[in-house]
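Every chain is numbered from 1, with letters handed out A, B, ... down the list of sequences. Just so you know, these numbers use all the heavy atoms, side chains as well, and skip hydrogens, waters and symmetry mates.
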Protein chains: 2
Amino acid sequence: MLVPMVRVNTRDEILRVAAEQFAHTGYKGTSLQDIAAEVGCSKATLLYHFASKDAILAELTAPAASELAELVAALEPLDDDAAQAAAIEGFVDLVLRHRREAALVYSGIPKFITEPAFAGLLPHTEALCAAFAGRSAAVAACVAAEVVLTGIVTVVIDTDRDAAELRAALIGVARRALLSPSDSPHDKD
Amino acid sequence: MLVPMVRVNTRDEILRVAAEQFAHTGYKGTSLQDIAAEVGCSKATLLYHFASKDAILAELTAPAASELAELVAALEPLDDDAAQAAAIEGFVDLVLRHRREAALVYSGIPKFITEPAFAGLLPHTEALCAAFAGRSAAVAACVAAEVVLTGIVTVVIDTDRDAAELRAALIGVARRALLSPSDSPHDKD
DNA sequence: TCAGAGACTGGCCGATCGGTCAGAAAGTGG
DNA sequence: CCACTTTCTGACCGATCGGCCAGTCTCTGA
């Protein structure tokens with residue numbers, strides 16, 4: 001046989017394990033030692049394949065980041081309503097494709113998103129948030145957009161629900177949440 | 001003067017600074033050194049006032065945790081609709097009272113909530129989530145509840161919006177998001 | 001056969017982590 | 001004045017962190 005059978009590709013395996021560990025224990029909470037142990041190699045091997053721990057994170061989040069950039073670009077020419085609808089479906093699908101990586105970016109730590117690995121990502125999330133808000137600057141619309149955006153990302157990470165079912169539920173809640181506040185239900189009190 | 005003027009209460013100051021740092025950089029991302037430097041005392045002083053770093057976290061989150069327990073208890077006797085309404089308002093107010101601490105609990109790391117400092121907190125968040133979902137076990141309802149719960153907590157942490165305005169916006173988006181999926185808007189595609 | 005390349009590792013580095021401890025400094029009551 | 005408590009600190013601890021490096025494998029092509 002031409003390919004070693006015990007491990008097809010150490011580099012990919014490192015990425016896979018790192019994605020799991022980062023998502024579960026956090027970036028700072030995961031050590032290279034932890035990843036190496038799970039992969040079944042030495043810590044030095046990690047740093048042979050990757051320049052640094054940060055480099056692992058960067059490569060891990062790169063695909064999701066570029067897909068986000070594409071989504072935002074595709075949204076731009078659309079009118080407000082169409083952009084909102086496309087943003088909801090596009091983002092839900094994107095997040096479901098990259099559950100762990102997406103959750104990593106929004107790990108609840110404001111500082112985190114400003115790290116070098118995520119440089120240039122912030123404008124895209126802001127554009128997406130604006131699309132969610134129907135490009136309104138109203139506080140209610142912006143807050144709703146932020147709740148939906150962060151809520152979706154946080155939820156998908158450790159749920160074991162079926163993807164199709166999850167997708168439908170996420171799109172549903174996003175549509176409802178992002179309805180114009182004037183269409184809001186029983187606005188008593 | 002009877003009280004030293006440069007610092008009223010070192011212990012309280014430590015808690016205040018720790019709350020800021022934890023919320024901004026994360027629990028694991030904040031060292032005792034960092035906190036001590038900001039407070040203006042030595043690291044040993046932190047550990048004179050608190051048994052450990054975990055103890056700081058525990059004391060920091062204790063008030064919010066007990067208030068959550070009270071809220072959940074108050075919800076229990078209510079019928080489904082009333083419980084949902086009360087849960088929304090009660091939780092939004094609770095989170096606004098404890099912005100940084102609440103965000104700390106939901107720091108995006110699944111592992112985190114299982115830490116000793118938060119022992120016994122999980123059942124309460126689950127009960128609250130159930131109330132959000134109108135005590136329905138349907139996937140759509142549960143997912144919506146989770147999105148709202150985590151979204152709210154994540155949003156409040158680093159926004160500088162006015163509390164009253166934020167409160168109205170959060171309650172609004174929560175009500176909309178938690179509408180029964182059957183009342184959902186334009187369910188095309 | 002052997003030189004070279006790629007994959008990998010043990011051992012080590014300085015830095016920093018949370019935490020301990022003996023003791024200094026500053027008040028307080030007798 | 002002294003004994004005592006409270007508050008605080010510098011020095012230090014073992015462990016672990018991310019990262020580095022010399023060297024060891026295995027495979028491959030000339």
Point to revise | Audit row: A:Phe22, A:Lys28, side chain to side chain contact (heavy atoms under 4.5 Å, CB included) steps and yes/no | key: CA-CA 8 Å; A:Phe22 287 164; A:Lys28 289 214 167 85; over 6 Å; no

**Study point:** Worked verdict on B:Arg167 versus B:Leu96 for side chain to side chain contact (heavy atoms under 4.5 Å, CB included)
**Key:** CA-CA 8 Å; B:Arg167 190 189 113 100; B:Leu96 286 176; 3.6 Å; yes

Check your understanding: Should B:Arg175 and B:Glu89 be marked as a salt bridge (Lys or Arg N to Asp or Glu O under 4.0 Å) after you check the CA-CA gap, both sets of side-chain angles, and the distance that decides it?
Key -> CA-CA 10 Å; B:Arg175 280 185 185 153; B:Glu89 285 197 38; 3.3 Å; yes

Review point. Could you walk me through whether B:Leu47 and B:Leu32 pass the side chain to side chain contact (heavy atoms under 4.5 Å, CB included) check?
Key: CA-CA 9 Å; B:Leu47 294 159; B:Leu32 295 180; 3.9 Å; yes

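For the pair B:Leu32 CG and C:dG18 P, the computed distance is 4 Å after rounding to whole Å. Summarising the geometry, the separation between CG on A:Asp54 and P on D:dG19 is reported as 7 Å, rounded to the nearest angstrom. For the pair A:Phe50 CZ and D:dG19 P, the interatomic distance rounds to 13 Å; values are reported in whole Å. Rounding to whole angstrom units, CD1 of residue A:Ile56 and P of D:dC17 are separated by 14 Å. For A:Leu47 and C:dC13, the CG to P distance is 18 Å, given to the nearest whole Å. If you measure from atom NZ of A:Lys53 to atom P of D:dG19, you get 8 Å, rounded to the nearest angstrom. A straight line from CG of B:Asp12 to C1' of D:dT7 spans 15 Å, rounded to a whole angstrom. Rounded to whole angstrom, the span from the OH atom of B:Tyr27 across to the C1' atom of C:dG18 amounts to 9 Å.
Remark: the B:Lys43 side chain and the C:dG19 base include a donor-acceptor N/O pair separated by less than 3.5 Å.
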Name each donor-acceptor pair under 3.5 Å that joins a side chain in residues 70-82 of chain B to protein atoms two or more places apart or in another chain, with its distance.
{"unit_1": "B:Asp79", "atom_1": "OD1", "unit_2": "B:Asp81", "atom_2": "N", "d": "3.1"}
{"unit_1": "B:Asp79", "atom_1": "OD1", "unit_2": "B:Ala82", "atom_2": "N", "d": "3.4"}
{"unit_1": "B:Asp80", "atom_1": "OD1", "unit_2": "B:Arg135", "atom_2": "NH1", "d": "3.2"}

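Stacking of A:Lys53 on the aromatic ring of A:Tyr27 is recorded, both the 6.0 Å distance cut-off and the 45° axial limit being met.
You'll find that the side chain of B:Thr45 is closest to D:dC8, out of D:dC8, C:dT20, D:dC17. In the set D:dT7, C:dT9, D:dC17, the nucleotide with an atom closest to the side chain of B:Tyr48 is D:dT7. Nearest to the side-chain atoms of A:Cys41 among the listed nucleotides D:dG18, C:dT9, D:dG19 stands C:dT9. Nearest to the side chain of B:Ala44, among C:dG19, C:dT9, C:dC21, sits C:dC21. Here the side chain of A:Ser31 is nearest to one of D:dC20, C:dG18, D:dC17, namely D:dC17.
Using modelled atom types, no side-chain atom of A:Glu67 and backbone atom of A:Leu94 make a donor-acceptor pair closer than 3.5 Å.
Between B:Thr10 and D:dT7, a side-chain N or O to OP1/OP2 separation shorter than 4.0 Å is absent. The shortest distance between the side-chain N/O atoms of A:His49 and the OP1/OP2 oxygens of C:dG6 is not below 4.0 Å. Within the 4.0 Å cut-off from OP1 or OP2 of D:dC8, not a single side-chain nitrogen or oxygen of B:Ser42 is found.
Where the helix from C:dT1-D:dA30 to C:dG30-D:dC1 starts and where it ends, the local axes point in directions that differ by 10°; five pairs per end, rounded to 10°.
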